[in-house]
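Following: one structure in structure tokens, then a few remarks.
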Amino acid sequence: MADLNTAFTDDVLNVLVADGSYIPAPGFAALTVALEAAPLGAVSVKQTDGSISFFAGTATKLFKLNNTTLVWDDVSQALTTYAATTTAPWSFGVFGNFVIAVNQNDDPQVLELGVDTVFRDLGGSPPRAGIVRIWGDFVALMRLTGNPNRVQWSGLNNCEFWTPGTNNSDYQDFPDGGIVQGSSEATNPIIFLESAIQRATFVPGSLEIFTFQKIHDKRGAKSPYSIATRGAFAFYADEGGFFQISPDGSITPIGFEKVDRTVFKRLNVSSISKIYGAVDPFFSRVYWAIDYAGTGVYDHMLVYDWNIGKWTPIEVSVLFILPMVTSGYTLEGLDSVNSSLDALPFSLDSKAWQGGAPFLAGFSSDNKLGAFSGENLEAIITTQEMGDTSGQVVRTTSTNPIVDTDNVFVSIGHRMRRAAGIPVTWMNEQSPSYNTGLVRKRSRARYHRFKMRIPAAETWNHIKGIDVATAPAGLR
């Protein structure tokens, strides 16, 4: 969008949106000991007794986190070396106390919490698959190794029954739309293909079990990892844009004229297929991690708040992101993290220490599980460009950043013309006066922008904008 005299800006970084303001974006902080190899999938599981377990998979092994020592214990099937890869990563599903792990190169694995100590082959001879999802009382497999355009589901309330045509277990082949990319997790799920979207409806007592209706043609999810769901909320990335789809199948182009052109212009085709999405398990936000450089490390994250309808970008350095819940810690239990309270990765009131509290997590580039609950990132907010298009020159005399911290720096950008090739000239940044809260800096130009920077680790709550004192300075 044109940024002259509008209500929008093209330059914010490391903040989240609130109603009428921006709020801090917490940084990523590692919590656990590193996995012995790069993680290719992970999940947190809240058991029926309220306890929490964490699982992760690497190329050759499956691990469970020891909540006391924060070390990863090998829980792979005995005498088994798995064959997951970056193009065939692990997908996890939780069905009651059954933790199911699949990738396209290995037989589906399962660990029954409270019964099994290591993973084993999932019973019933299910097909190899790249994605597992829970459809109410069924376990569904998709991106099948031998039938990529098929979805297959288990018996009713039985994740280890896979005989089609018996006990409500069956499969569905889609004649067009390309490879199945994933689905929402609901009794009546939305199923995403490369270039089609299907809606499944559970029909109890019928011969079909599920009926399928193509609700969108020539539209689908370009990236299977970009599909992010939580209850009735479902989001995904297709070629050229980000979208939200409701349970009735209606699509909202949430990135149109906001971020789509900027983001997809920077992405190459291979990077589009690896956009990684996750819905915040608590707030009304969906996150997409993006690897613009194609290095395998996601260095940029876009955050969309669907209640407010606004976006912000955040700088990150993670291998992937996921929603998680914590096991909870006592003060004594924090010794396993760090014997010094001052050296803990999160503040004591962080959700990361609260049992069962949901938060956004990820794996760092050194293979450590952590959470986006650390110190506040360095925040940068730049106003739109302002000026009189009739040629009036404006003189600025002072600015007043509306933020609840004194540790903020303001710089003024100016130029006389907006023609191509004429950049904004930025003056040196300056902190506000302790007595007045004003930044007294003079500038004379036709067009001005104002940038506010709050250093990393600073404590603050809201930034609403900046008041600018100006006066006419004649024509030129």
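Along the sequence shown, residues carry numbers from 1.
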Next item on the list: Verify, without hydrogens or angle tests, whether Q244 (side chain) and P253 (backbone) share a donor-acceptor contact under 3.5 angstrom.
Entry: no
Checklist line | Any side-chain heavy-atom pair of W426 and H414 under 4.5 Å | finding: no
Item checked: Atom CG of N307: over 12 foreign heavy atoms under 6.0 Å -> yes
Check: When you measure from the side chain of R453 to the backbone N and O of V410, does any donor-acceptor pair fall under 3.5 Å?
Finding: no
Check: About how many Å separate NE2 of H300 and CG of L267, when rounded to the nearest 0.5 Å?
Finding: 9.5 Å
Item checked: N5 CG to Q384 CD distance, which is reported to the nearest 0.5 Å -> 7.5 Å
Checklist line | Spacing of Y225 atom OH and I275 atom CD1 [to the nearest 0.5 Å] | finding: 12.5 Å
Margin query: I want to check something: taking the side chain as every heavy atom from C-beta on, are V297 and L319 in contact at a cut-off of under 4.5 Å?
Written below: yes
Check: Are Y276 and W288 close enough that their ring centres sit under 6.0 Å apart?
Finding: no
Notebook entry, point to check: In Å and rounded to the nearest 0.5 Å, what is the CD1 to CD1 distance from I190 to I227?
Noted result: 11.0 Å
Next item on the list: Please report the C-alpha distance between S443 and M427 in whole Å, then the side-chain angles of each, then the deciding distance to 0.1 Å, and finally whether the side chain to side chain contact (heavy atoms under 4.5 Å, CB included) criterion is met.
Entry: CA-CA 9 Å; S443 173; M427 305 172 70; 3.9 Å; yes
Next item on the list: Answer yes or no: is there a side-chain heavy-atom contact under 4.5 Å between L377 and P24?
Entry: no
Next item on the list: Decide yes or no on side chain to side chain contact (heavy atoms under 4.5 Å, CB included) for F363 and L35, but give the supporting numbers first.
Entry: CA-CA 10 Å; F363 273 89; L35 276 168; 3.8 Å; yes
Item checked: Sub-4.5 Å side-chain heavy-atom contact between L40 and T86 -> yes
Item checked: A18 backbone acceptor or donor facing S21 side chain under 3.5 Å -> no
Margin query: With rounding to the nearest 0.5 angstrom, report the NZ to CZ distance, K214 to R219.
Written below: 14.0 Å
Margin query: Taking the basic N atoms (NZ, or NE/NH1/NH2) and the acidic carboxylate oxygens, is any pair closer than 4.0 Å for K222 and E194?
Written below: no
Next item on the list: Answer yes or no: are there more than 12 heavy-atom neighbours, outside K451 itself, under 6.0 Å from its atom NZ?
Entry: yes
Item checked: Minimum heavy-atom distance W460-A379, with the two atoms named -> CZ2-CB, 3.8 Å
Item checked: Close side-chain approach of F409 and P432, heavy atoms under 4.5 Å -> no
Next item on the list: Would you check if the side chain of S365 reaches a backbone N or O of V318 as a donor-acceptor pair within less than 3.5 Å?
Entry: no
Notebook entry, point to check: Do the non-hydrogen side-chain atoms of V403 and I454 ever get within less than 4.5 Å of each other?
Noted result: yes
Item checked: Of H448, R449, R415, the residue whose pairing with E385 passes side-chain hydrogen bond (donor to acceptor under 3.5 Å, both in side chains) -> R415
Item checked: Salt bridge E36-K61, side-chain N to carboxylate O under 4.0 Å -> yes
Next item on the list: Could you walk me through whether D406 and Y434 pass the side chain to side chain donor-acceptor pair (under 3.5 Å) test, one step at a time?
Entry: CA-CA 8 Å; D406 290 329; Y434 178 80; over 6 Å; no
Item checked: Under 3.5 Å: donor-acceptor pair, side chain of S184, backbone of A186 -> no
Checklist line | Check: G296 main-chain N/O paired with D291 side-chain donor or acceptor under 3.5 Å | finding: yes
Note to self: Between L4 and R418, does the side chain to side chain contact (heavy atoms under 4.5 Å, CB included) criterion hold? Intermediate values first, please.
What the structure shows: CA-CA 10 Å; L4 178 63; R418 285 174 49 87; 3.8 Å; yes
Check: Would you say R199 and N188 make side-chain contact, with heavy atoms under 4.5 Å?
Finding: no
Notebook entry, point to check: So do K46 and S44 actually touch side chain to side chain, heavy atoms under 4.5 Å?
Noted result: no
Notebook entry, point to check: Which atom names give the shortest non-hydrogen contact between F242 and D260, and what distance separates them?
Noted result: N-OD1, 3.3 Å
Next item on the list: Report the C-alpha separation of N435 and S433 in whole Å, then their side-chain angles, then the decisive distance to 0.1 Å, and conclude whether the side chain to side chain donor-acceptor pair (under 3.5 Å) test is met.
Entry: CA-CA 5 Å; N435 293 321; S433 164; 4.7 Å; no
Check: Counting only N and O atoms by type, is there a donor-acceptor contact under 3.5 Å from the side chain of S398 to the main-chain atoms of R440?
Finding: no
Note to self: Counting the benzene-type ring for Trp, do F174 and F212 have ring centres under 6.0 Å apart?
What the structure shows: yes
Notebook entry, point to check: Backbone N or O of E315 within a donor-acceptor pair of the N14 side chain at under 3.5 Å?
Noted result: yes
Checklist line | Distance-only polar pair, side chains of T9 and D11, donor-acceptor under 3.5 Å | finding: no
Note to self: side chain to side chain contact (heavy atoms under 4.5 Å, CB included) for V151 and W135? Distances and angles first, verdict last.
What the structure shows: CA-CA 12 Å; V151 294; W135 294 355; 4.1 Å; yes
Checklist line | T252 side chain to I254 backbone, donor-acceptor under 3.5 Å | finding: no
Note to self: Show the nearest heavy-atom pair for residues N105 and A88, with the distance to one decimal.
What the structure shows: ND2-CB, 3.7 Å
Checklist line | Point-to-point distance, once rounded to the nearest 0.5 Å, from CZ of R150 to OG1 of T145 | finding: 12.0 Å
Check: Nearest heavy-atom pair of T229 and E185: which atoms, and what distance?
Finding: OG1-N, 4.1 Å
Check: Going through the distances and angles, do S284 and D305 end up as a side chain to side chain donor-acceptor pair (under 3.5 Å)?
Finding: CA-CA 6 Å; S284 59; D305 189 308; 3.0 Å; yes
Note to self: Surrounding OH of Y292 (heavy atoms of other residues, nucleotides or ligands, distance under 6.0 Å), is the total greater than 12?
What the structure shows: yes
Notebook entry, point to check: Do F55 and W90 make the cut of ring centroids closer than 6.0 angstrom?
Noted result: no
Notebook entry, point to check: So, do F235 and F243 have ring centers that fall under 6.0 Å from each other?
Noted result: no
Margin query: Please check this pair: side chain of S364 against backbone of A30, looking for a donor-acceptor N/O pair closer than 3.5 Å.
Written below: no
Next item on the list: Could you tell me which non-hydrogen atom of I131 sits nearest to which non-hydrogen atom of P224, and how far apart they are?
Entry: CD1-CB, 4.4 Å
Next item on the list: Could you walk me through whether Y236 and F192 pass ring-ring contact (aromatic ring centres under 6.0 Å, His included), step by step?
Entry: CA-CA 9 Å; Y236 66 99; F192 300 89; 5.0 Å; yes
Check: Which heavy-atom pair separates A200 from I191 by the least distance, and what is that distance?
Finding: CB-CD1, 4.1 Å
Notebook entry, point to check: Taking atom types as modelled and ignoring hydrogens, do the side chains of T405 and N407 form a donor-acceptor contact shorter than 3.5 angstrom?
Noted result: no
